[in-house]
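Worksheet: the structure to be examined is printed underneath.
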Amino acid sequence: MSPVNILNADLHCHSRVSDGTLAPEELAARAQANGVELWALTDHDELGGQQRAREAALALGLPYLTGTEISVTFAGETVHIVGLGFDADNAALVEGLRRTRGGRESRAREMAEGLARVGIAGAYEGALKYVGNPDLISRTHFARYLVEVGACRDTQEVFRKYLTEGKPGYVAHRWAALGEAVRWIHDAGGIAVIAHPGRYKFTANEEYALFSEFKEHGGRGVEVVTGSHSSHDFVKYADTAREFGLLASRGSDFHSPDESHTDLGTLPLLASGLSPVWEALAERIHRPS
Ligand code: AMP
Ligand code: MN
Ligand code: MN
Ligand code: MN
């Protein structure tokens with residue numbers, strides 16, 4: 001077995017700076033307590049938590065990679081692209097993410113109008129109570145409010161009944177283009193990774209197009225082991241990584257102790273025979289002194 005693959009790397013999670021419920025410092029402590037050996041905070045479309053996450057990790061002796069998860073529209077669907085190991089001060093990346101966040105406010109107001117039409121009043125103000133960063137109001141914050149008012153038992157049920165395509169609180173949105181997101185990450189010295197490919201509702205042809213175009217744009221990695229994947233997906237996307245010559249990543253996608261079924265650092269390790277993304281990023285890792 002290649003020894004690098006036994007590293008407990010967790011390169012995908014969210015803080016209150018996007019739609020998680022913990023502070024970057026709390027996540028760093030939780031990662032370390034769970035045995036994580038290399039960590040990245042990957043808030044949606046936002047770098048506001050990077051410095052705090054890095055400083056907290058290094059103070060705990062935990063190596064750190066910068067991270068983000070960019071919302072992209074591809075073939076009419078939302079796809080997430082994780083960026084790792086980039087320079088968090090890169091102006092084009094910072095500006096691209098700012099533009100990507102831009103439409104969230106008006107989208108949230110439309111979502112609330114849709115929910116009001118089915119009898120759920122005050123959802124915009126309700127969701128805002130859960131928002132840690134006013135630029136980043138997301139469906140997750142609405143889900144928490146709908147659980148609070150008893151519309152559903154848990155956030156999964158809210159997504160199923162209210163927040164996915166065709167449901168009353170769903171508002172279609174155009175995010176960044178695939179090529180833009182990959183270029184922002186790449187030009188900032190990082191590596192772009194397709195997040196949780198097993199979650200997208202693509203046909204085999206559409207998925208092939210996603211991976212092909214991602215590579216043409218300079219994308220280099222894919223999440224193989226994530227909290228959104230079944231054990232079948234672990235095998236399937238390990239094969240995809242080999243087929244497309246992509247680096248493999250691993251991350252829990254942890255959001256909250258109350259909501260997430262996969263905790264930081266608890267997933268199966270990456271299978272041997274894959275090339276881990278952190279090997280290619282060795283020089284970009286911030287290490288404790
Ligand atoms: P948004 O960026 O506002 O569209 O919100 C997307 C976020 O909603 C994702 O990052 C997840 O955290 C969450 N999410 C999406 N689908 C589900 C689901 N079926 N169950 C629970 N959370 C979900
Ligand atoms: Mn999220
Ligand atoms: Mn995602
Ligand atoms: Mn995520």
Side-chain angles (χ1 to χ4, degrees), residues 1-15 17-18 20 23-43 46-70 80-90 93-94 97 181-182 184-195 218-227 241 245-254 263-289:
M1 197 205 312
S2 161
V4 286
N5 290 18
I6 63 176
L7 191 76
N8 187 349
D10 194 320
L11 306 181
H12 189 154
C13 69
H14 301 274
S15 78
V17 170
S18 62
E25 293 81 3
E26 292 173 302
L27 287 164
R30 192 177 184 98
Q32 201 225 17
N34 287 359
V36 171
E37 296 166 297
L38 174 63
W39 179 51
L41 172 66
T42 55
D43 277 313
E46 171 67 271
L47 306 179
Q50 289 306 303
Q51 188 180 342
R52 285 169 63 190
R54 187 186 68 232
E55 287 175 4
L58 296 183
L60 292 163
L62 173 60
Y64 186 76
L65 276 170
T66 55
T68 186
E69 181 176 22
I70 306 182
H80 286 169
I81 301 295
V82 162
L84 296 170
F86 50 81
D87 167 12
D89 297 322
N90 181 273
L93 173 63
V94 168
L97 294 181
V182 172
W184 295 335
I185 296 163
H186 189 257
D187 289 356
I191 289 183
V193 174
I194 297 178
R220 292 180 60 197
V222 59
E223 281 185 345
V224 173
V225 175
T226 112
L246 290 170
L247 302 162
S249 193
R250 171 181 187 266
S252 57
D253 206 358
F254 179 78
D263 207 337
L264 285 156
T266 62
L267 283 166
L269 295 168
L270 218 51
S272 58
L274 293 170
S275 303
V277 68
W278 51 87
E279 211 176 26
L281 286 167
E283 287 175 13
R284 309 291 302 177
I285 297 175
H286 297 270
R287 297 183 191 278
S289 46

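Predicted model only: the values in this text are computed from it and were never measured. Any value given below was found using the heavy atoms of this structure, including those in side chains, with hydrogens, waters and symmetry copies removed.
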Ser252 and Asp10: side chain donor to acceptor below 3.5 Å | yes

Report the distance from atom SG of Cys13 to atom CG of Leu41, rounding to the nearest 0.5 Å.
-> 5.0 Å

Does Asp253 reach the main-chain N or O of Gly227 with its side chain, forming a donor-acceptor pair under 3.5 Å?
-> no

Shortest non-hydrogen separation from Ala195 to Glu69 and the atoms involved | CB-OE2, 3.8 Å

Neighbour count >12 (heavy atoms, 6.0 Å) for atom NE2, His286 = yes

Ignoring hydrogens and angles, tell me if any N or O in the side chain of His14 forms a donor-acceptor pair with the backbone of Thr42 under 3.5 Å.
-> yes

Looking only at heavy atoms, the pair that brings Leu47 and Ala88 closest together is CD1-O, 3.5 Å

Under the side chain to side chain contact (heavy atoms under 4.5 Å, CB included) criterion, do Arg30 and Asp263 qualify, and how do the steps go?
-> CA-CA 9 Å; Arg30 192 177 184 98; Asp263 207 337; 2.9 Å; yes

So, for Leu246 and Gly219, which heavy atoms are closest and what is the spacing to 0.1 Å?
-> CD2-O, 4.0 Å

Point-to-point distance, once rounded to the nearest 0.5 Å, from CD of Gln32 to CG of Leu60 | 4.5 Å

Arg250, CZ: over 12 other non-hydrogen atoms inside 6.0 angstrom = yes

Taking the side chain as every heavy atom from C-beta outward, state whether Leu93 and Asp187 have any pair of such atoms under 4.5 Å apart.
-> no

Could you pull out the closest heavy-atom pair between Val36 and Leu264, with the gap in Å?
-> CG2-C, 4.2 Å

Ring geometry between Tyr64 and Trp39 (parallel below 30°, tilted from 30 to 60°, perpendicular above 60°) | perpendicular

Which of Leu84, Thr66, Leu65 passes side-chain contact (heavy atoms from CB on, under 4.5 Å) with Ile285? Answer is Leu65

Side chain to side chain contact (heavy atoms under 4.5 Å, CB included) between His12 and Thr226, worked out = CA-CA 8 Å; His12 189 154; Thr226 112; 5.7 Å; no

Taking all heavy atoms of Ala23 and all of Arg52, pick out the closest pair and write down the distance.
-> CB-NH2, 3.8 Å

Separation between CD1 of Ile194 and CZ of Arg220, rounded to the nearest 0.5 Å = 14.0 Å

Give the minimum heavy-atom separation between Ala57 and Ala28, together with the two atoms involved.
-> N-CB, 4.0 Å

Rounded distance (nearest 0.5 Å) linking atom CD1 of Ile185 with atom CD1 of Ile191 = 10.5 Å

Looking at OG1 of Thr68 and CD of Gln50, how far apart are the two atoms once the value is rounded to the nearest 0.5 Å?
-> 7.0 Å

Hey, are the side chains of Leu270 and Trp278 touching, using non-hydrogen atoms and a 4.5 Å cut-off?
-> yes

Just how far is it from atom CG of Leu38 to atom CG of Leu11, taken to the nearest 0.5 Å?
-> 5.0 Å

State, yes or no, whether a side-chain contact exists between Pro276 and Ser249 at a heavy-atom distance under 4.5 Å.
-> no

Distance-only, no hydrogens or angles: does the Asp43 side chain make a donor-acceptor pair with backbone N or O of Ser15 under 3.5 Å?
-> yes

